[in-house]
Amino acid sequence: MTTGTPHIQPNGAKIAKTVLMPGDPLRAKYIAEHYLEDVVQFNEVRNMFGYTGTYKGKPVSVMGSGMGIPSIGIYSYELFNFFDVETIIRIGSCGALQENVNLYDIIIAQGASTNSNYVDQYHIPGHFAPLADFDLITQAKAKADEIGATTHVGNILSSDTFYNADESFNEPWTRMGILGVEMESAALYLNATAAGKKALGIFTVSDHLLRDESTTPEERQTSFTQMMEIALEIAE
Ligand code: HPA
């Protein structure tokens with residue numbers, strides 16, 4: 001346990017065992033202000049805001065991850081390895097890659113396939129499958145069913161590109177059953193696995209890449225609320 005890292009300087013503030021991680025640090029601030037009580041800010045380095053508070057009496061932290069694998073790679077590594085964080089639950093949006101996945105549905109990412117080479121650092125003599133923690137998956141699914149959310153559990157793509165020069169880039173991923181695309185979870189799952197910790201990604205579908213549909217931020221609010229409820233309820 002450290003007092004600070006290059007990217008996280010709590011200045012004595014505590015970080016909870018479970019951290020919720022949206023990509024946007026202002027989303028982290030919003031979550032702290034609207035869902036947590038007794039909130040203390042624990043990071044402002046690079047404006048990557050982090051807060052600790054309580055939800056129904058249990059300590060929970062929330063911190064932005066930034067966009068992309070390198071960014072969440074740094075923050076999740078430091079939280080797992082230098083601050084005794086046990087669980088990181090990524091909450092985000094993703095683009096749908098299957099016809100039966102609709103806008104506002106919730107995706108629970110059992111696995112995170114990727115075109116990133118982040119995994120190469122472990123010198124695995126093959127193709128490692130980054131997976132979420134099974135208990136977190138089952139708890140999230142049970143909670144989602146309880147609140148009546150439409151969920152899909154399966155494989156997602158953590159892509160290194162948002163804008164890809166190859167227009168057919170998504171097709172093979174769709175053929176292989178990938179539910180949706182985002183840009184961070186593979187690094188999160190790999191860091192969790194390497195550190196012996198737990199991770200899960202939960203997503204609201206913000207756009208549809210086969211049907212060219214997208215949502216406005218206002219429209220996303222309901223599914224955002226469901227995703228938040230799932231994440232907060234399964235936080236330990
Ligand atoms: N691509 C990558 N990440 C995303 C997308 C997308 O279409 N939508 C939301 N996050």
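What's counted below: heavy atoms across the whole structure, side chains too, no hydrogens, waters or symmetry copies. Position 1 is the first residue of the sequence; numbering continues from there. Counting starts at 1 for both ligands and their atoms, following the listed order.
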Novice: Quick check on side chain to side chain donor-acceptor pair (under 3.5 Å): which of Glu213, His208, Arg211 does Asn102 satisfy it with?
Specialist: Arg211
Novice: Side chains of Tyr35 and Glu229 only: does a donor on one sit below 3.5 Å from an acceptor on the other?
Specialist: no
Novice: Mark up the atoms of ligand 1 that fall under 4.0 Å of a heavy atom belonging to Ser206, in ascending order.
Specialist: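 Listed by number with element: 8 (N), 9 (C).
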Novice: So which heavy atom in the protein is nearest atom 10 (N) of ligand 1, and how far is it from that ligand atom?
Specialist: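 Nearest neighbour among protein heavy atoms for atom 10 (N) of ligand 1, to 0.1 Å: Ser93 O, 3.5 Å.
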Novice: Check Ser159 against ligand 1 and report side chain, backbone, both or neither, counting heavy atoms closer than 4.0 Å.
Specialist: neither
Novice: Just jot down the ligand 1 atoms closer than 4.0 angstrom to any heavy atom of Asp207, in number order.
Specialist: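 By the 4.0 Å cutoff, the relevant atoms are 7 (O), 8 (N).
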Novice: Out of Lys17, Lys197, Lys198, which residue meets the salt bridge (charged side-chain N to carboxylate O under 4.0 Å, His left out) rule with Glu236?
Specialist: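 Among Lys17, Lys197, Lys198, the one meeting salt bridge (charged side-chain N to carboxylate O under 4.0 Å, His left out) with Glu236 is Lys198.
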Novice: Taking only heavy atoms of Met183 into account, list the atoms of ligand 1 that are under 4.0 Å away from them.
Specialist: 2 (C), 3 (N)
Novice: Could you identify the single nearest non-hydrogen protein atom to atom 4 (C) of ligand 1 and state the distance to 0.1 Å?
Specialist: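 Looking only at protein heavy atoms, the one closest to atom 4 (C) of ligand 1 is Val181 O, 3.5 Å.
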Novice: If we count only N and O atoms by modelled type, under 3.5 Å, do the side chains of Asp24 and Tyr30 hold a donor and an acceptor together?
Specialist: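 Not at all, the side chains of Asp24 and Tyr30 share no donor-acceptor pair under 3.5 Å.
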Novice: What is the nearest protein non-hydrogen atom to atom 6 (C) of ligand 1, stated with its residue, atom name and distance?
Specialist: Phe162 CE1, 3.7 Å
Novice: Which ligand 1 atoms are under 4.0 Å away from a heavy-atom of Gly95?
Specialist: 5 (C), 8 (N), 9 (C)
Novice: Would you verify whether the NZ or CZ of Arg46 falls within 45 degrees of the ring axis of Tyr75 while also being under 6.0 Å from that six-membered ring's centre?
Specialist: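 Ring-cation test returns no.
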Novice: Which atoms of ligand 1 are found less than 4.0 Å from any heavy atom of Leu209?
Specialist: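 Selected atoms, number and element: 7 (O).
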